[in-house]
**Q** 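I'd like to ask you about the structure that follows.
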Protein chains: 2
Amino acid sequence: MRKKPAPRPTDAELAILRVLWKLGASTVREVHEVLNKTRPTGYTTALKLMQIMHEKGLISRDESARAHVYRTSLPEGQTQQSLVRDLLDRAFGGSAQQLVMRALQAKKTSPEELAEIRQLIEELEAKNREDSK
Amino acid sequence: MRKKPAPRPTDAELAILRVLWKLGASTVREVHEVLNKTRPTGYTTALKLMQIMHEKGLISRDESARAHVYRTSLPEGQTQQSLVRDLLDRAFGGSAQQLVMRALQAKKTSPEELAEIRQLIEELEAKNREDSK
DNA sequence: AACTATATACGAAGATATTCGTAGTTGTCA
DNA sequence: TGACAACTACGAATATCTTCGTATATAGTT
């Protein structure tokens with residue numbers, strides 16, 4: 001008896017998740033106020049979406065107060081990981097290398113960020129050498 | 001009077017694009033035969049999808065033969081780039097660094113691939129130093 | 001010429017995603 | 001307490017995605 005994995009969030013759902021990760025546990029109103037700035041929609045639209053996300057298990061809620069308080073079910077990094085893995089499979093035949101290449105070409109990356117990435121890679125390479133001993 | 005950019009392909013559409021990139025220009029039957037192995041569906045499903053993709057501008061077709069021959073409108077790399085950029089914006093706040101990190105964690109990458117990525121990064125870093133002179 | 005195999009076109013069903021209006025409930029405050 | 005503001009629940013309209021059945025056309029074969 002295993003629990004179903006959370007389904008891939010849709011575009012609108014991901015927008016809400018991003019707000020919740022940023023703000024932490026929040027009410028519908030708080031989420032709506034943030035979203036409304038960049039993408040004007042009605043309050044009940046946000047409400048309905050969050051109710052659906054709750055049904056799907058993407059978010060959980062605390063109903064003890066009149067205004068329910070919602071929080072994400074999974075940490076940001078874990079969801080990002082899933083999304084990347086999904087894109088990897090759907091568009092890159094599973095090749096992380098190709099995806100990384102495209103990502104670095106798709107957007108200018110600051111020298112500091114490049115250095116961090118290089119460091120991560122060097123760590124992975126060191127780990128490989130370690131393992132093969 | 002500018003042409004509309006090709007919309008983001010849906011899951012089923014991307015699966016078809018992948019076959020077309022792999023095989024090159026192909027008929028519906030050829031595409032369907034490949035897809036049918038991994039995801040059994042009817043022939044007319046593939047046909048309909050490809051007709052819609054043609055309307056959207058995702059693929060073009062040569063109607064001179066009885067069996068139309070379809071080809072992708074954009075090269076694989078360009079579409080991959082768009083998809084990565086899209087995910088970057090929707091889930092990573094535009095941070096390529098974060099996305100790369102997640103990609104490398106999401107999937108084991110071979111030492112050879114890691115080396116290639118490292119090389120790309122070193123090239124980008126060299127280019128940065130060059131530019132800042 | 002009739003039959004068969006293989007095409008395309010098209011409509012439509014069913015599922016999912018997104019949007020919002022309306023109804024009804026609850027807390028606040030003058 | 002009565003009016004108002006804010007909240008949830010719910011139904012439904014609209015759009016999009018995915019699937020397939022049916023109608024029709026065309027090429028090849030006997």
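Letters A, B, ... mirror the listed sequences (proteins, then strands); counts begin at 1.
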**Q** Please state how far atom CG in Leu49(B) lies from atom C1' in dT8(C), giving the value in whole angstrom units.
**A**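 So the two atoms are 15 Å apart, to the nearest Å.
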
**Q** Using links of under 4.5 Å between side-chain heavy atoms of ILVMFWY residues, direct or through other members, which residues join Ile52(A) in one cluster?
**A** none

**Q** Does the side chain of Met50(B) reach to within under 4.5 Å of the side chain of Val31(B), using non-hydrogen atoms?
**A** yes

**Q** When the distance from NE2 of His68(A) to C1' of dG27(C) is rounded to whole Å, what number comes out?
**A** 14 Å

**Q** Base, backbone or nothing for each nucleotide of nucleotides 20-30 of chain D, written B, S, -, heavy atoms under 4.0 angstrom, 5' to 3'?
**A** BBB--BBS---

**Q** Which residue pairs pass the salt bridge (Lys or Arg N to Asp or Glu O under 4.0 Å) test when at least one of the two sits in residues 14-31 of chain B, sequence neighbours left out?
**A**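 Found none.
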
**Q** Could you list who else is in Val69(A)'s hydrophobic cluster, with ILVMFWY side chains joined at under 4.5 Å, directly or through other members?
**A** none

**Q** How close or far is atom P of dC7(D) from atom CG of Asp62(A), stated in whole angstroms?
**A**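 Rounded to whole Å, this separation is 15 Å.
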
**Q** Looking at five pairs on each end of the helix from dA1(C)-dT30(D) to dA30(C)-dT1(D), what is the angle between the two axes, given to 10 degrees?
**A**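 The two end axes of the helix from dA1(C)-dT30(D) to dA30(C)-dT1(D) meet at 20°.
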
**Q** Between atom CZ in Arg90(B) and atom C1' in dA17(C), what is the gap in whole Å?
**A** 14 Å

**Q** For Asp11(A) and dA15(D), what is the distance between atoms CG and P respectively, to the nearest whole Å?
**A**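 Spelled out: CG on Asp11(A) to P on dA15(D) is 18 Å.
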
**Q** Only pairs at least two apart or in different chains count here, so list each ring pair (Phe, Tyr, Trp, His ring centres under 6.0 Å) that has a residue in residues 56-100 of chain A.
**A**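 Output for this query is empty, none listed.
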
**Q** Identify all pairs in which a protein N or O lies below 3.5 Å from an N or O of nucleotides 28-30 of chain C, and state each distance.
**A**
none

**Q** Could you list the cluster mates of Ile121(B)? Members are the ILVMFWY residues connected by side-chain heavy atoms closer than 4.5 Å, either directly or through other members.
**A**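 So far as hydrophobic clustering goes, Ile121(B) is joined with Val100(A), Met101(A), Leu104(A), Leu114(A), Ile117(A), Leu120(A), Ile121(A), Leu124(A), Val100(B), Met101(B), Leu104(B), Leu114(B), Ile117(B), Leu120(B), Leu124(B).
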
**Q** Establish, with yes or no, whether the OP1 or OP2 oxygen of dT19(C) is under 4.0 angstrom from a side-chain nitrogen or oxygen of Arg39(A).
**A** yes

**Q** Any side-chain heavy atom of Leu20(A) sitting closer than 4.5 Å to one from Ser26(A)?
**A**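 The answer is yes, as the side chains (C-beta and beyond) meet within the 4.5 Å cut-off.
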
**Q** Would you please name every residue forming a salt bridge (charged side-chain N to carboxylate O under 4.0 Å, His left out) with Glu76(A), sequence neighbours left out?
**A**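 Per chain and number, Glu76(A) pairs via salt bridge (charged side-chain N to carboxylate O under 4.0 Å, His left out) with no residue.
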
**Q** Identify, with sequence neighbours excluded, every residue that meets ring-ring contact (aromatic ring centres under 6.0 Å, His included) alongside His32(A).
**A** Tyr43(A)

**Q** Take the protein atom CD of Glu30(A) and the nucleotide atom P of dA6(D), then report the distance between them rounded to whole Å.
**A** 14 Å

**Q** Under 4.0 Å between a side-chain N or O of Arg61(B) and OP1 or OP2 of dA9(C)?
**A**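 Answer yes for this pair, as a side-chain N or O of Arg61(B) is under 4.0 Å from OP1 or OP2.
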
**Q** In chain order, what residues pass the salt bridge (charged side-chain N to carboxylate O under 4.0 Å, His left out) check against Arg90(B), with sequence neighbours excluded?
**A**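 Here the qualifying residues are Asp11(A), Asp86(B).
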
**Q** Give a yes/no answer on whether the side chain of Gln51(A) brings an N or O atom under 4.0 Å of OP1 or OP2 in dC10(D).
**A**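 It does not, given that no N or O in the side chain of Gln51(A) lies less than 4.0 Å from OP1 or OP2 of dC10(D).
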
**Q** Quick test of your reading: applying salt bridge (Lys or Arg N to Asp or Glu O under 4.0 Å), list the pairs with at least one residue in residues 92-115 of chain B, sequence neighbours left out, ordered by first then second residue.
**A** none

